[in-house]
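Chain letters run A, B, ... following the sequence lines, proteins first and then strands; every chain starts at 1.
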Amino acid sequence: MSLLEVRDLTISFGSKKVVDCISFTLEKGARIGLIGESGSGKSMTSLAIMGLLPDTATISGSITFEGQELIGLSDREHSRLRGNRIGMVFQEPLTALNPLMRIGKQIAGPLMIHKGSSLKEGLKKALELCTKVGLPDPDRILRAYPHQLSGGQRQRIGLAIALACEPALLIADEPTTALDVTVQREVLNLINALVDKEGSSLIFVTHDLPVVSAMTENVAVMQLGKIVENASVASLFHEPAHEYSRRLISAARLAEDSFSGKGGQL
Amino acid sequence: MRKAMKGNVSLIAGSIMVSITFALLILSFIWTPYDPLAVNPEDSFAGVSMRHILGADKIGRDILSQIIVGSRVTLFVAALAVTVAMTLGVSAGILIAVASRRYQSPMIYAVNIALAFPAALLAIILAAVYGASTITAVTAIGLATAAAVAQVTRRTAHGILASDYVLAAHASGASTWRIIRKHVMPNLRASLLIQASAAVSVSVLAESSLSYLGLGTPPPAPSWGRMLAGSQQYLFVNPLLAIWPGIAIVIVVLGFNLVGDGVREVFDPTLRRSDS
Amino acid sequence: MASVNIIVFGARRLLLFISSLVVSSALVFSLLRLLPGDLAQAKLGIQATPEALANLRHEMGLDKSLVAQYWTWLSHALRGDLGISYLSGANITSEIAQKATVTVPLVIMASILAVLISIPLGMYAALRYRNMDGVATSAMSQFGIAIPTFWTGLLISTLFAVVWQVLPAGGFPEAGWSEPGNAFKSMALPVFTLALGQGAVLMRFARSATIDTLQQDYFRTARATGLTKVQALRKHGVRNALIPVISVLGMQMATLIVEAIIVENVFALPGIGQMLLQDVNNRDLLKVQGIIAVTTSIVFFVSFLVDLVLGFLDPRVRQSS
């Protein structure tokens with residue numbers, strides 16, 4: 001049995017379809033990249049798996065996770081999976097954390113919700129998680145507020161929150177787009193290492209082909225709500241089947257060339 | 001206009017209530033069922049009937065006639081006060097926004113001090129010195145509302161002045177006065193319209209409170225606030241008297257508030273879904 | 001580091017508070033001295049001889065400059081001496097203190113009740129703004145804002161005192177708070193009246209703050225950790241809604257005190273408001289000045305407190321200022 005099976009998933013707002021009848025499967029421990037430009041429906045797909053679509057969205061098709069059908073679950077039922085079996089890291093580290101709450105309490109949150117930990121136990125575990133995601137001086141970090149940390153540090157916190165309950169599936173939605181190039185590399189390496197170590201599956205959402213090639217072996221290329229190509233990263237680079245994929249690759253090459261043209265040293 | 005109205009519940013409901021108010025005001029100069037001041041002892045506390053549609057008070061004055069004529073005092077005071085408030089408040093707000101930093105903070109400080117004196121408190125001070133009158137009421141309401149208008153205008157104007165197109169105008173050598181005229185005023189229009197309608201509501205509320213406390217326009221001219229004050233001692237005899245003038249006040253205040261909300265929706269369509 | 005921030009922050013607000021007090025009392029002082037004629041004339045009447053007037057002016061210090069007069073008044077006021085009413089001969093400070101035992105509990109209880117009403121209702125209206133009940137809740141607050149406080153008071157006392165006859169329509173026990181049962185009973189309707197109007201205003205802010213929270217990224221993060229929408233709102237939304245509500249309550253304090261004056265008149269409560277209106281009618285200027293100085297001090301003090309509370313609730317405020 002696959003860990004996650006998405007079949008004929010369609011999401012629409014009124015008469016506008018943002019995700020149009022897409023299907024893919026993900027085995028336990030496997031990774032997939034969802035790539036496409038903004039508005040292609042890749043983020044909506046991940047929000048649908050999380051049960052975090054806006055109220056105005058209508059959804060049809062099927063998403064099964066660990067044998068359980070997710071479409072039609074109540075918010076309460078879905079919330080038992082969120083942060084527990086499925087973790088998610090978001091794009092904007094600057095706004096994704098509650099500005100009024102200390103970091104420690106925010107990391108301890110999922111542990112207190114799903115594992116029945118007390119605040120004290122949660123904070124103790126949060127300390128370990130901080131070390132795990134490579135944050136120096138975790139004692140100080142747990143007592144800090146989000147505005148006192150850098151973007152890269154906050155994204156590591158986001159990762160610590162998502163991985164706190166050792167989920168079977170991690171969804172990373174453009175986790176490095178808002179970060180500096182050097183920090184980007186570090187965070188990607190960290191996600192790679194942690195997902196490997198925990199044996200979690202990974203859905204990596206991005207618009208950036210070079211980034212996805214560093215993270216996953218398979219990619220689904222999305223355009224206007226549809227999956228237009230499903231391939232391994234290697235074969236996509238060498239023989240892209242779809243016109244849109246070709247455009248993505250040439251755009252990526254262009255970026256790489258201009259990057260190395262500048263000297264490539266940062 | 002019709003396009004702006006479509007689906008804009010606030011604007012439609014508000015416009016209807018405001019129209020009722022003005023209809024009442026115009027009617028007061030043309031026709032009332034009775035002379036609002038005519039005393040008629042036989043009709044003391046007359047109930048709702050064909051003879052007195054909304055009943056009559058202790059000394060038999062017709063309530064409906066008093067309400068129709070009462071609209072004059074309320075709207076007259078409100079109109080004057082709003083004129084004072086908008087003129088003073090908008091010029092002060094823009095002045096503070098364009099002033100250099102050195103003068104800005106003392107002026108903001110002054111506005112904050114003024115905000116600690118709401119209309120009724122100012123009216124009390126003025127009444128203690130000069131005795132209560134229409135003039136003290138208008139001055140108090142106008143000044144107090146001006147402070148609030150100045151604050152909102154300053155913030156809005158500040159936002160406009162910080163925008164890229166104003167910076168570009170500055171860079172191309174436009175004078176401050178030209179920037180105010182060409183950029184600040186046109187972009188301030190929506191905010192001013194909203195503020196003006198809110199100011200009417202606030203002024204009507206303040207006027208009726210002052211009249212209720214006996215600090216507004218003195219008798220005999222009928223006013224809604226004073227009618228309510230008069231009804232209070234007869235609550236046990238005829239509670240209905242405490243209803244009608246209150247409804248009149250609520251229609252005016254709610255009407256102008258809703259028009260303000262409606263205008264806000266027209267100018268900022270993103271609000272249509274979320275905030276009202 | 002953090003504690004230094006808090007001290008600097010607190011000190012700056014304290015300075016602002018004190019200077020506001022001095023400036024506003026000077027303003028009121030000069031406004032009340034604009035009277036045609038002067039205090040001595042007002043006290044002695046028009047028939048008074050010039051000598052008697054001059055004597056009294058000297059006695060009252062009216063022959064000194066306005067600045068000197070203000071300084072005398074301020075230095076006494078700072079020591080808690082607001083002077084003696086030249087009409088009743090009563091000590092103004094002690095009279096205000098006595099009346100404050102009615103007004104201060106009225107305002108405090110009403111503020112608390114208003115916050116308790118507005119936060120849950122505002123959050124509810126925000127959560128269900130697409131549904132009929134959410135819209136109805138918002139409409140209720142629109143009405144609450146449009147109804148003048150004194151009319152709310154009249155309607156409520158008609159209902160509770162005339163129709164149902166469960167609570168007194170007005171008055172306050174002679175013995176005051178030493179009769180707590182009756183005192184609370186007399187306070188019930190005035191507090192409720194004041195809280196309704198204020199709660200309606202605060203509710204609008206609680207609602208828009210909550211709508212804002214619902215759209216925040218961190219709210220989504222909170223749900224992604226396994227909270228339902230309602231749970232996430234309870235955990236993250238309350239504090240975020242509390243911030244604008246508290247700051248608006250601070251800004252509204254001046255209005256709230258004025259409304260308390262009105263409500264005291266509706267319910268015949270022997271508080272500062274009722275006394276103030278009598279003094280205005282008697283043109284007891286020194287007393288009016290004292291009362292207004294006290295009420296504005298309270299307003300500035302509350303906004304000082306609110307700044308501190310906001311600094312406590314919002315870590316960003318402490319740092320940015």
Side-chain angles (χ1 to χ4, degrees), chain B residues 9-10 17 109-110 112-132 144 201 204-210 212-215 224-225 228-229 231-232 235-237 239-240 242-243 245-247 249-258 261 273-276, chain C residues 16 19-20 23-24 27-28 31-36 126 129-130 135 138 142-143 145-152 154-155 157-158 161-163 169 204 207-208 211-212 214-215 251 253-255 257-259 261-262 265-266 276-277 279-281 283-285 288-289 292 295-296 299-300 303:
Chain B
V9 182
S10 305
M17 291 183 208
Y109 179 80
N112 282 337
I113 299 264
L115 283 172
F117 293 91
L121 205 60
L122 271 183
I124 285 171
I125 298 174
L126 292 178
V129 181
Y130 298 104
S201 291
V204 168
L205 273 180
E207 190 281 330
S208 62
S209 303
L210 290 180
Y212 171 81
L213 293 175
L215 297 173
W224 296 339
L228 285 171
S231 77
Q232 195 173 354
L235 273 190
F236 288 84
V237 189
L240 263 186
I243 302 289
I247 292 179
I249 296 169
V250 170
I251 287 178
V252 184
V253 177
L254 195 58
F256 278 97
N257 271 341
L258 287 175
D261 285 353
R273 282 184 303 110
S274 54
D275 202 16
S276 64
Chain C
L16 189 72
S19 74
S20 307
V23 172
S24 70
L27 210 69
V28 173
L31 262 178
L32 287 173
R33 290 301 184 283
L34 290 176
L35 183 69
Y129 70 88
R130 266 177 245 281
V135 174
S138 306
Q142 278 278 15
F143 263 102
I145 293 167
I147 297 177
T149 313
F150 65 91
W151 195 43
T152 317
L154 281 183
L155 292 181
S157 68
T158 308
V162 179
V163 179
R204 262 178 92 97
R207 175 175 173 271
S208 55
I211 287 180
D212 183 55
L214 290 174
Q215 291 161 347
M251 288 190 273
M253 197 35 76
T255 314
I257 288 181
V258 164
E259 306 232 294
I261 293 175
I262 296 170
N265 276 275
V266 177
L276 178 60
L277 283 180
D279 297 331
V280 167
N281 285 330
R283 305 279 183 95
D284 194 341
L285 292 189
V288 169
Q289 182 179 325
I292 294 196
T295 55
T296 45
V299 170
F300 289 124
S303 75

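For the pair B:I124 and C:L276, the minimum side-chain heavy-atom distance is below 4.5 Å. The shortest side-chain heavy-atom distance between B:P245 and C:W151 does not fall under the 4.5 Å cut-off. A 4.5 Å side-chain heavy-atom check between C:F300 and B:I113 finds at least one atom pair inside the cut-off.
A donor-acceptor distance shorter than 3.5 angstrom exists from the side chain of B:Y109 to the backbone of C:S20, with no hydrogens or angles considered. For C:Q142 (side chain) and B:L254 (main-chain N/O), no donor-acceptor pair under 3.5 Å exists by modelled atom type.
Interface remark: C:V135 contributes no atoms to any contact with chain B (heavy atom separation under 4.5 Å). Heavy atoms of C:S24 lying under 4.5 Å from chain B belong to its backbone as well as its side chain. In this structure, chain B has heavy atoms under 4.5 Å from both the backbone and the side chain of C:I147. Contact of B:L215 with chain C is made through the side chain alone, with heavy-atom distances under 4.5 Å. In this structure, the portions of C:L154 lying under 4.5 Å from any heavy atom of chain B include both its backbone and its side chain. Heavy atoms of C:S303 lying under 4.5 Å from chain B are absent altogether. For B:F256, no part lies under 4.5 angstrom from a heavy atom of chain C.
Between chain B and the residues C:T296, C:T152, C:D212, C:I145, the most heavy-atom pairs under 4.5 angstrom are made by C:T296. Among C:V266, C:D284, C:L277, the residue with the largest count of heavy-atom pairs under 4.5 Å with chain B is C:V266. Heavy-atom pairs under 4.5 Å with chain C were tallied for B:A206, B:S208, B:A229; the largest tally goes to B:S208. Ranked by heavy-atom pairs under 4.5 Å with chain B, the list C:I292, C:I261, C:V288, C:T149 is led by C:I292. Chain C forms the most heavy-atom pairs under 4.5 Å with one residue out of B:A116, B:A144, B:G225, B:A120, and that residue is B:A116.
Taken from CD1 in C:I257 to CG in B:L121, the straight-line distance is 8.5 Å, to the nearest 0.5 Å. Atom OG1 in C:T255 sits 9.0 Å away from atom CG in B:L115 (nearest 0.5 Å).
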### Task
Begin with the C-alpha distance, continue with both residues' side-chain angles, and end with the deciding distance and a verdict on side chain to side chain contact (heavy atoms under 4.5 Å, CB included) for B:L213 and C:N265.
CA-CA 8 Å; B:L213 293 175; C:N265 276 275; 4.0 Å; yes
### Task
Report the C-alpha separation of C:F150 and B:I249 in whole Å, then their side-chain angles, then the decisive distance to 0.1 Å, and conclude whether the side chain to side chain contact (heavy atoms under 4.5 Å, CB included) test is met.
CA-CA 12 Å; C:F150 65 91; B:I249 296 169; 4.2 Å; yes
### Message
With side chain to side chain contact (heavy atoms under 4.5 Å, CB included) as the criterion, how do C:L155 and B:I243 come out once you've worked through the C-alpha distance, each side chain's angles and the decisive distance to 0.1 Å?
### Response
CA-CA 8 Å; C:L155 292 181; B:I243 302 289; 3.7 Å; yes
### Task
Could you go through the side chain to side chain contact (heavy atoms under 4.5 Å, CB included) check for B:F117 and C:V299 one step at a time?
CA-CA 9 Å; B:F117 293 91; C:V299 170; over 6 Å; no
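B:L205 approaches C:A146 most closely through the heavy-atom pair CD2-O, 3.7 Å.
With sequence neighbours excluded, the residues forming a salt bridge (charged side-chain N to carboxylate O under 4.0 Å, His left out) with C:D279 are C:K287, listed by chain and number. With sequence neighbours left out, the side chain to side chain donor-acceptor pair (under 3.5 Å) criterion links B:N257 to B:S201.
Exactly one residue among C:L285, C:V28, C:V280 makes a side chain to side chain contact (heavy atoms under 4.5 Å, CB included) with B:I125. That residue is C:V28.
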